[in-house]
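In what follows, chains carry the letters A, B, and so on, assigned in the order in which the sequence lines appear, proteins first and then strands, with residues in each chain numbered from 1.
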2 protein chains.
Amino acid sequence: MYVIPTEPDPSGAKRPRGRPRKTPEERNDGNRRQDLVMAAAKLFRRHGFNGTSTRDIACAVGMHSGSLFCHFKSKDALLYEVMQKGMRSALARQTIVLLSEHDAATTLRQLIRSHFDTLLGPNSDFMHAVLYESRSLNTQQRNVIAKLQGDYKEAWTPVLQELCLTGYLQVEVPVLARLLIFGALNWSVQWFDAKKGHSRDELIDAVIALVIRKRSPALQK
Amino acid sequence: MYVIPTEPDPSGAKRPRGRPRKTPEERNDGNRRQDLVMAAAKLFRRHGFNGTSTRDIACAVGMHSGSLFCHFKSKDALLYEVMQKGMRSALARQTIVLLSEHDAATTLRQLIRSHFDTLLGPNSDFMHAVLYESRSLNTQQRNVIAKLQGDYKEAWTPVLQELCLTGYLQVEVPVLARLLIFGALNWSVQWFDAKKGHSRDELIDAVIALVIRKRSPALQK
DNA sequence: CCTACCGATCGGTAGG
DNA sequence: CCTACCGATCGGTAGG
């Protein structure tokens, strides 16, 4: 015996469990698979991978629980697609930055901006999964994602190295600098809230001010 | 019908599920509760709160699944104790640093060292739960932990402010500097491995070098 | 994509 | 702290 849910999910209210919302007129048969990926990314961020059931995800797009498995062979496969989408989008954004040639300091600023766009902009739920849910992938999946992450971070290395050589960045071990800067950036997903607080440009300025020596290298050290 | 597990858990091998290891001679009846807290912290770190069952935790200390609830009224309560222990230990370590009066730059270095000790030293599993599992607390529990975290981070504010005034730290918005520095430090739990890589002192030096202007403030800006 | 269901596992409890 | 168990929920499947 089914109980029809009394209210559709007002996107942000308490978690819809068990039964899908039924609003047949808003069914777009086009890309249900993408709907599932987006809903999954959002729920994984809010409740974690292990705290989200396949029923929750199906329900969020108005499906019944079993139907999710018409699109994905397992819950893992869905997480894997979320994370792949996150990394490929991050890499695409980064590639655009790297295509235009600038001095190292300008490139660093643009890499930081691009990274914040990935972390804090629309679709940031995908990157959140990349940062925090790789534990739930199997070994092969994790290797693929790790490879993409390796490509991503390697793009920063020559930029940081040049900034070290020219004295704009003060650090003995460049690889540690990259890890620390990534930490400063990645942690922003835990606290940054554009609605009440600082703008994304203030954020970028703060990172640059904190880390880059603006004056002539000769004055440093 | 019970199946006696063939092997005790060699601490780091694959997850022991369902049945406790039975090695009666190593039963210390003293503080089983603390054993549970430590085992829980370790498992929460490896598999996440939602990925760890109360059976896993009980099994890790050689108990049967139901017996855990003689010590904790719920799984939540156990997580709460893990996180409280993490924060109280971090605050205790920090307080020791703040008791000895030094100049701001030295205090910052000691705060950073203390923070890394909490994040990367023994018992770091507790702080890991604080950083990543507060989502699984109820509102009141989360408020208590947030209060402790507030106290912890407030201790950094006057130090960073003085470093700003004296030009050792270059940033327009001190609160952003603190958040970024915390990010750089906290992210280290994701990658730092003392066994293969850099020492904790190299790590501290790298943070200081990245963020602090060593020379006379008059030469800056 | 829905209906109806499976075996496994979950957090937690009663009684000893 | 163990034994034995509960109802709920989990990921996933068969048949349509």
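- Using a 3.5 Å distance cut-off with no hydrogens or angles, the side chains of B/T157 and B/E154 do pair a donor with an acceptor.
- When atom types are taken as modelled, the side chain of B/Q34 and the backbone of B/N31 share no donor-acceptor pair closer than 3.5 angstrom.
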Could you run through nucleotides 11-16 of chain D and give me one letter per nucleotide, 5' to 3': B if any protein heavy atom sits under 4.0 Å from the base, S if only the sugar-phosphate is that close, - if neither? BBB---

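- Taking the ring centre of B/F49 as origin, the terminal cationic atom of B/K75 falls inside the region bounded by 6.0 Å and 45° from the ring axis.
- Here the side chain of B/T52 pairs a donor or acceptor atom with the backbone of B/L43 at under 3.5 angstrom.
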Strand DNA chain C in bracket notation, Watson-Crick/G-U under 3.5 Å with | for pairs to another chain: ||||||||||||||||

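- Here the side chain of A/R33 pairs a donor or acceptor atom with the backbone of A/H71 at under 3.5 angstrom.
- Remark: P of D/dC1 and CZ of B/R33 are 12 Å apart, rounded to the nearest angstrom.
- Judged purely by distance below 3.5 Å, without hydrogens or angles, the side chains of B/H115 and B/N186 pair a donor atom with an acceptor atom.
- The phosphate of D/dA4 has neither OP1 nor OP2 within less than 4.0 Å of any side-chain N or O from B/H64.
- Without hydrogens or angle criteria, B/Q141 side chain to B/Y80 main chain gives no donor-acceptor distance under 3.5 Å.
- Sorted by first and then second residue, the pairs that involve residues 88-98 of chain A and meet side chain to side chain donor-acceptor pair (under 3.5 Å), not counting sequence neighbours, are A/R93-A/T118.
- One can place CG of A/L68 at 12 Å from C1' of C/dC1, the figure rounded to the nearest angstrom.
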